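Every value quoted in this text rests on a predicted model; they were computed, and no experiment measured them. Letters A, B, ... mirror the listed sequences (proteins, then strands); counts begin at 1. Values below: all heavy atoms of this structure, side chains included; hydrogens, waters and symmetry mates excluded.
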2 protein chains.
Amino acid sequence: MINPIGNLNKIFDSRIRLGVMSILMVNEEVSFNDLKQMLELTDGNLASHLSTLEENGYLKVHKGFVGRKTNTTYSITKAGEKAFKGHLAALENMIRSME
Amino acid sequence: MINPIGNLNKIFDSRIRLGVMSILMVNEEVSFNDLKQMLELTDGNLASHLSTLEENGYLKVHKGFVGRKTNTTYSITKAGEKAFKGHLAALENMIRSME
DNA sequence: TTAAAGTACTTTGTAAATCAAAGTTACATA
DNA sequence: TATGTAACTTTGATTTACAAAGTACTTTAA
């Protein structure tokens with residue numbers, strides 16, 4: 001039998017990174033503050049998970065303004081989309097063996 | 001918006017515990033060694049994850065024999081089944097928002 | 001009858017991950 | 001001038017994960 005967890009992506013073991021990705025799959029661009037509120041996180045915690053995702057090439061950052069306030073938004077990359085879909089497929093496979 | 005990761009079960013953040021549970025959802029009883037081989041783990045690592053699951057009431061242990069060799073098997077409890085299904089439902093909910 | 005091997009752990013020690021809180025930089029508004 | 005907001009980074013503590021070694025018991029092979 002093949003290891004049923006071997007295809008799961010380690011980056012997505014974290015519930016927070018999983019949450020960020022699932023939000024960015026739906027929404028083209030989401031701001032730092034929106035993510036923070038949706039996921040109920042402290043600044044530091046969110047920032048560190050975002051940088052993990054960014055370092056892995058799963059999302060990209062846009063620094064802009066809303067009026068005169070700084071506004072950082074995040075969006076998923078092609079690689080991120082692929083990785084996330086791959087992870088979901090692996091989860092599905094793992095669970096499909098249940099039938 | 002409601003926190004999309006709030007309903008995920010922390011016990012199942014671990015890929016290994018997720019793997020154990022998914023195996024035990026299919027198979028009525030699985031031995032320590034079979035789990036070890038299926039998940040490709042060291043004894044200690046598997047044992048510690050199993051005891052976490054046991055402490056949470058998600059699986060139960062049966063100590064028996066095969067021939068004259070000791071043989072420990074594990075099976076899922078009702079609570080474990082419920083928790084696992086709940087986790088999967090939470091994952092699905094989180095992802096369903098993608099459509 | 002020693003020796004080697006298997007089962008199912010527990011213990012030990014280290015490394016990695018997680019997180020809150022505080023500090024930081026930069027601009028904005030009162 | 002002082003307070004506020006955004007988006008971090010740094011710090012430090014706690015938790016988690018893991019491999020490796022050790023343990024207790026039994027079995028099988030030499």
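When each of A:Thr52 and B:Lys69 is assigned the nucleotide of DNA chain C bearing its nearest heavy atom, the one mapping closer to the 5' terminus is B:Lys69. When the nearest nucleotides of DNA chain C are assigned to A:Arg68 and A:Ile16 by heavy-atom distance, the more 5′-ward of the two goes with A:Ile16.
Protein atom NZ of A:Lys10 is 18 Å distant from nucleotide atom P of D:dT16, rounded to whole Å.
Nucleic acid contact class of B:Arg15 (heavy atoms, under 4.0 Å, all strands): none.
Scanning both residues, A:Leu8 and A:Met94, for their nearest heavy atoms gives CD1-SD, 4.2 Å.
The list of salt bridge (Lys or Arg N to Asp or Glu O under 4.0 Å) pairs with a residue in residues 71-81 of chain A, not counting sequence neighbours, reads A:Glu81-A:Lys85. Screening residues 4-28 of chain A for salt bridge (Lys or Arg N to Asp or Glu O under 4.0 Å) gives A:Asp13-B:Arg15, A:Arg15-B:Asp13 as the qualifying pairs, with residues at least two apart or on separate chains.
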All N/O donor-acceptor pairs, side-chain side in residues 61-75 of chain B, below 3.5 Å, sequence neighbours left out:
from: B:His62; atom 1: NE2; to: B:Ser75; atom 2: OG; distance (Å): 2.9
from: B:Thr73; atom 1: OG1; to: B:Glu29; atom 2: OE2; distance (Å): 3.1

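Two residues are said to be in side-chain contact when any heavy atoms from C-beta on lie closer than 4.5 Å; A:Ile5 and A:Asn3 meet this criterion.
Along DNA chain C, read 5' to 3', the first and last nucleotides having any atom under 4.0 Å from a heavy atom of chain A are C:dT18 to C:dA28.
Under the ring pair (Phe, Tyr, Trp, His ring centres under 6.0 Å) criterion, B:Phe32 pairs with no residue at all, not counting sequence neighbours.
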Kindly give the atom pairs (protein nitrogen or oxygen, nucleotide nitrogen or oxygen) under 3.5 Å for nucleotides 7-10 of chain D.
from: D:dA7; atom 1: OP1; to: A:Thr72; atom 2: N; distance (Å): 2.3
from: D:dA7; atom 1: OP2; to: A:Asn33; atom 2: ND2; distance (Å): 3.1
from: D:dA7; atom 1: N7; to: A:Asp43; atom 2: OD2; distance (Å): 3.2
from: D:dC8; atom 1: OP1; to: A:Lys63; atom 2: NZ; distance (Å): 2.6
from: D:dC8; atom 1: OP2; to: A:Tyr74; atom 2: OH; distance (Å): 2.4
from: D:dC8; atom 1: N4; to: A:Asp43; atom 2: OD2; distance (Å): 3.2

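No close placement of the B:Phe84 and B:Tyr58 rings is indicated, their centers lying 6.0 Å or farther apart.
The closest donor-acceptor contact from the side chain of A:His87 to the backbone of A:Asn9 lies under 3.5 Å.
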